[in-house]
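To start, the structure itself, in structure tokens.
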Amino acid sequence: MDINSNRKYLVVTVFVVTGVIFLIRLFHLQVVDTTYKEYATNNVLRKVVQYPARGLIYDRNGELLVYNKAAYDLLVTPREVKPFDTLRFCQILEISVEDLRKLLKDARDYSPFKPSVIVKQISPEKYATLQEQLYKVRGFYIQPRTLREYPRPMAAHLLGYVGEVTRDMIEANPYYQSGDYIGISGIERSYENELRGKKGVKYFMVDVHNRIQGSYLDGDADTTAQIGKNLISTIDADLQEYAEQLLRNKRGSIVAIEPQTGEVLVFANSPDYDPNLLVGRARGNNYMSLVGDPQKPLYNRALMAQYPPGSTFKMANALVALQEGVITPRTQYYCAHGYYSGNFRVGCHHDQSFDLVPSISKSCNAYYVYVFRAILENRKYPDIRAAYEAWREYMLRLGFGRTLDTDFVHELKGLVPTSDYYERFVFRGSRWRALPVVSLSIGQGELGVTPLQLANHAALLANRGHYFIPHMVKEVEGQEIHPRFRQPISAGINREHFDPVIEGMYQVMESGTGGMSRIQGIEVCGKTGTAQNPHGADHSVFMAFAPRNDPKIAISVYIENGIWGSTYAAPIASLVIEKYLNDSISPNRAWLESNMLKANLMNPMLLIERENNGTEE
Amino acid sequence: MAQRNKLWANIDWITVTIALVMMLLGWVNIYAAVYNEEHQSILDISQRYGKQLLWIGAAVIMALFILVIDSSFYVFFSWPIYGLVLLSLVLVLIAGVEINGQKSWFILWGDLRLQPSEFAKFGTALALAKLTSSFNFKLSGIQSFLMVGAVIMAPLLLILMQPDTGSAIVFVVFLLVLYREGMSGAVLFFGLLTVILFLLSMLTENQVLLLLLFGGSILTHFILHQRIKISAIAAGIGSGVILLLLGVNYLAGSMFDAEYVILAGSTVSMLGFAIYILRTRMKRSMVIVGIFFASVAFTYSVDFVFHDVLKSHQRDRINELLGIQSDPRGAGWNVNQSKIAIGSGGFSGKGFLNGTQTKYNFVPEQSTDFIFCTVGEEWGFMGSLVVVALFVFLFVRLIILAERQRSVYSRVYGYSVASILFFHFAVNVGMTIGLMPVIGIPLPFFSYGGSSLWAFTILLFVFLRLDASRLDKLV
């Protein structure tokens, strides 16, 4: 009837094909391509991180060393900002209007809808004034954070500090996000996982204007923040403070350990810094000025300075010789103002024979050259090199030349050279002889011992043959400290060999080089030393433990450029010991205390003067 | 079979049901799109779903009236209604309120507004049906084309003056109706060619397009005449001339842009080709030559139209659609968020009232032009499938109804109804899924709005009324 009737098929085809094309497209959008789901989630979900307070740190007697104070980050959602009184606002924040404008622009570039931090760590005082103004401005929010605070600024190197995570840290550990804080050094770093707690997350759904519309999945996906665990450190705050006072105006360190446990009682460095400097908005500037300070207050001497141990090394050699049976306590060597072998000479100050006990108390160098030769020329070993390796093995077991596996970060190994070292640099293929290495006998030459290692060695002597790994945290709230800190570690030297050595150390204080530092009523066993310093005046070294029976404290003191162990290191150590055991300094030693407190070794003129009239060691 | 004079039995209830189901589905999705917890009553007149419920009620009453009125009324009053519509389109330019820079609305009373352009489609469909069904009218010859063109162009131009490009473009769909009534398929072919050329000229460099046109012409010639030798020679000469000119231009230190060299080369070759065709009297191939030059002219006019006639937001929308520019925060925001809404619905959807994209206003105009987003987001692919299938079923049903009409008037009107609804559907849904540029026209029976709902109801039910009395008499 209608010649164009067939054209209906084309029209219907157009309708149906359009529908089919739409359905294919819809199938692709809705079923095949899943990215749109993510986009929708990103649109609507806002993650609000709940920052937990960091764990507190107490001293061994329960005194608070580190706590948190409130700080406030100012956030802005650029989209919501309406014009406001920028001048007043900037006055409170102490920034210029240009700065604010730039901060706002950066935030807008990041996202007009999402909040970004524009001013960090506003103090509670400033926050109070800011809050009065905040209701007038739109789009600005406050997010509470916590900052570290130190009621008694001390032990900065041991406690360490907290800083913002770097990009590398974020990449290494997905727990962290930009703007998070992390322990950078000291306890803060070693116990970061315990102290940080666990961040919580709350998810909100927001509309296109970023206004919160409700919780997501009724809060099922939210996690609550868990506050960090509190730590009890091994430090004795009063003793630490006293040690730091004694170190004032000197360069050096004091490390004290409780021998029965390995707990670090004192960990003092000088120069050091006020830990409050590395907190809050001024942290960056303060850090840079500390880094630039020629006195190097950030340098953790107790952990990282590697000095030759000097005469404090003599007990170790004596113990090895006794254990190897190359000497007995009654073995005598003659000191003729030193040790001579051809043109070779090691100087000393005596003209008499010594056996073991007085060799320690009078610190005879010649005696120990003989002892060391006896060790190296021991027939038990095929050659001197093998004997040397055996000796080195003893030294490692005595806590030298290796890390102690403590809970300190950046612990250094110190140095006890391997036989390869001497082979390569000294003997170079020729036959091994004892003489080129004998300076090791008196703790000089290619030796490096950190103050922490020396204190640990003192604890080993105090325990007559074993030590507990030094550690700075005694208790983590609700959990055991690592079991390795509870295992005694043996040096492999029989207990009976310690008696004459300790007698020698006792005599150091009673009648020897440490006599000036003798404490009435406390049996201290100690040993003075002088660490050779190629860059200037030698360093004053002392190590000790007390009381002789049932020791409570083992200590090492290094005073840089203090020359003789007896002049600075020994008196300072004795004062720390007396303070710890007796709680006070007896009146008849008040002069010593005041001399030590007053002593100033930072002045180079004084050093030259002293070098010319030192006492003997 | 259907009986005479039994109105209610003769009404196509299938179509009525589809329309009512669509209104209901539309309302449910409007409710979800503007849902907030403070206003939960479905009768809250301050909310859009409350109002839409009123509009739907009014539309049902309107439909009843339309069905009761005698069908000859519409036939008889086609021209007066068309005149009334044109008058309202003129009046709205004078007395209408300006909203978003467009004078498209009358304010009737308070919040109640009316958009005459929505009713213009109905009026035009009546007038077109009346014109084409008039005695001895044939869709051939310049005169009939001018008349048809005038009927369609008059409302179109008035709406363009508002200016409401989206509503105006809808009138293009009458070409489909005219095609059914015998208009040469060449018009549709050239329409399609225009769209393809437009897209190609937007997406490729002009010089590439020129080479494509040249190659295409020779290929078409070959297909028409199956003479490989001549086609090959033509292709060889053409490319030879173009390469020669390019070489000369290069030696002359690239005096002219390569595009113009290719233009000159292909034009010269095509002219030579035309002379050859004239000699051998392969007349059909002259059309090819004609199309080639028309296409070249069109390509260069596209640049002009695109940069100097279109407004910047229209340029942006086309650029976004074609992927030439991408600015999901600016010009591309609507479509991007719309795709996210629909795409995030997945296979079975997020569930009623659980669509975050639409509920939290990420999708703009989510109750009007972008109502399909709520369907896609909350009901997923299953929901989309149902809605698309419902529409396609409606279109096909309407064509079946139109084809069973005994009068040309009813058939033309039926085709108009199907085509108008189809165009709205295709552009609206196509826009939400990124297949069409953003053109703000409503989805029939779904989108919020009294004017469009009533206009579509009138449009559809007048046809159902005509259909119900198809056996009564011949008009």
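Chain identifiers are assigned alphabetically (A, B, ...) following the order of the sequence lines, protein sequences preceding nucleic acid strands; residue numbering begins at 1 within each chain. Computed over heavy atoms, backbone and side chain alike; hydrogens, waters and symmetry mates excluded.
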In terms of heavy-atom pairs under 4.5 Å, which option from [options] contacts chain A the most?
options: Ile342(B), Leu188(B), Leu176(B); value: Ile342(B)
options: Gly430(B), Ser419(B), Gly343(B); value: Gly343(B)
options: Val392(B), Val363(B), Leu435(B); value: Leu435(B)
options: Thr432(B), Val429(B), Val396(B); value: Val429(B)

Restricting to non-hydrogen atoms, name the atom on [X] and the atom on [Y] that form the minimum distance, rounded to 0.1 Å.
X: Gln357(B); Y: Ala40(A); result: OE1-CA, 3.9 Å
X: Thr18(A); Y: Ala426(B); result: CG2-CB, 4.1 Å
X: Asn4(A); Y: Gly182(B); result: ND2-CA, 3.1 Å
X: Val31(A); Y: Phe381(B); result: CG2-CB, 3.9 Å

Inset, instruction - Report yes or no: does Gln30(A) contribute a side-chain atom to a donor-acceptor pair with the main-chain N or O of Gly376(B) at less than 3.5 Å? - result: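 Checking the backbone N and O of Gly376(B) against the side chain of Gln30(A), a donor-acceptor pair under 3.5 Å is found.
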
Inset, instruction - Answer yes or no: is there a donor N or O on one side and an acceptor on the other, between the side chain of Arg7(A) and the main chain of Glu181(B), under 3.5 Å? - result: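 Checking the backbone N and O of Glu181(B) against the side chain of Arg7(A), no donor-acceptor pair under 3.5 Å is found.
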
Legend entry - Phe425(B)-Phe22(A) aromatic ring centre distance below 6.0 Å: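 That pair passes the under 6.0 Å test.
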
Chain A heavy atoms under 4.5 Å from [X]: which part of the residue, side chain, backbone, both or neither?
X: Phe422(B); value: side chain
X: Ile400(B); value: neither
X: Phe372(B); value: side chain
X: Ala418(B); value: both
X: Ile399(B); value: side chain

Inset, instruction - Taking the side chain as every heavy atom from C-beta outward, state whether Tyr415(B) and Lys8(A) have any atom pair closer than 4.5 Å. - result: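 Yes - at least one pair of side-chain heavy atoms lies under 4.5 Å apart.
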
Legend entry - Within-4.5 Å side-chain heavy-atom neighbours: Lys339(B) and Arg25(A):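 Side chain of Lys339(B) against side chain of Arg25(A), heavy atoms only: contact under 4.5 Å found.
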
Drop me the distance from [X]'s [atom1] to [Y]'s [atom2], to the nearest 0.5 angstrom.
X: Asp33(A); Y: Ser344(B); atom1: CG; atom2: OG; answer: 11.5 Å
X: Tyr9(A); Y: Arg180(B); atom1: OH; atom2: CZ; answer: 10.5 Å
X: Phe27(A); Y: Leu385(B); atom1: CZ; atom2: CG; answer: 10.5 Å

Legend entry - Heavy-atom neighbours of Leu353(B) CG exceed 12 at 6.0 Å: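 Correct, the count exceeds 12.
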
Legend entry - Greater than 12 external heavy atoms within 6.0 Å of Tyr39(A)'s OH: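 Atom OH in Tyr39(A) is not packed in, count stays at 12 or less.
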
Inset, instruction - Determine the option with the most heavy-atom pairs under 4.5 angstrom with chain B, choosing from Thr34(A), Val12(A), Leu10(A). - result: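 If we count pairs closer than 4.5 Å to chain B, Leu10(A) comes out on top.
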
Legend entry - Interface moiety of Val32(A) toward chain B, non-hydrogen atoms closer than 4.5 Å: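 Val32(A) has no heavy atom closer than 4.5 Å to chain B.
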
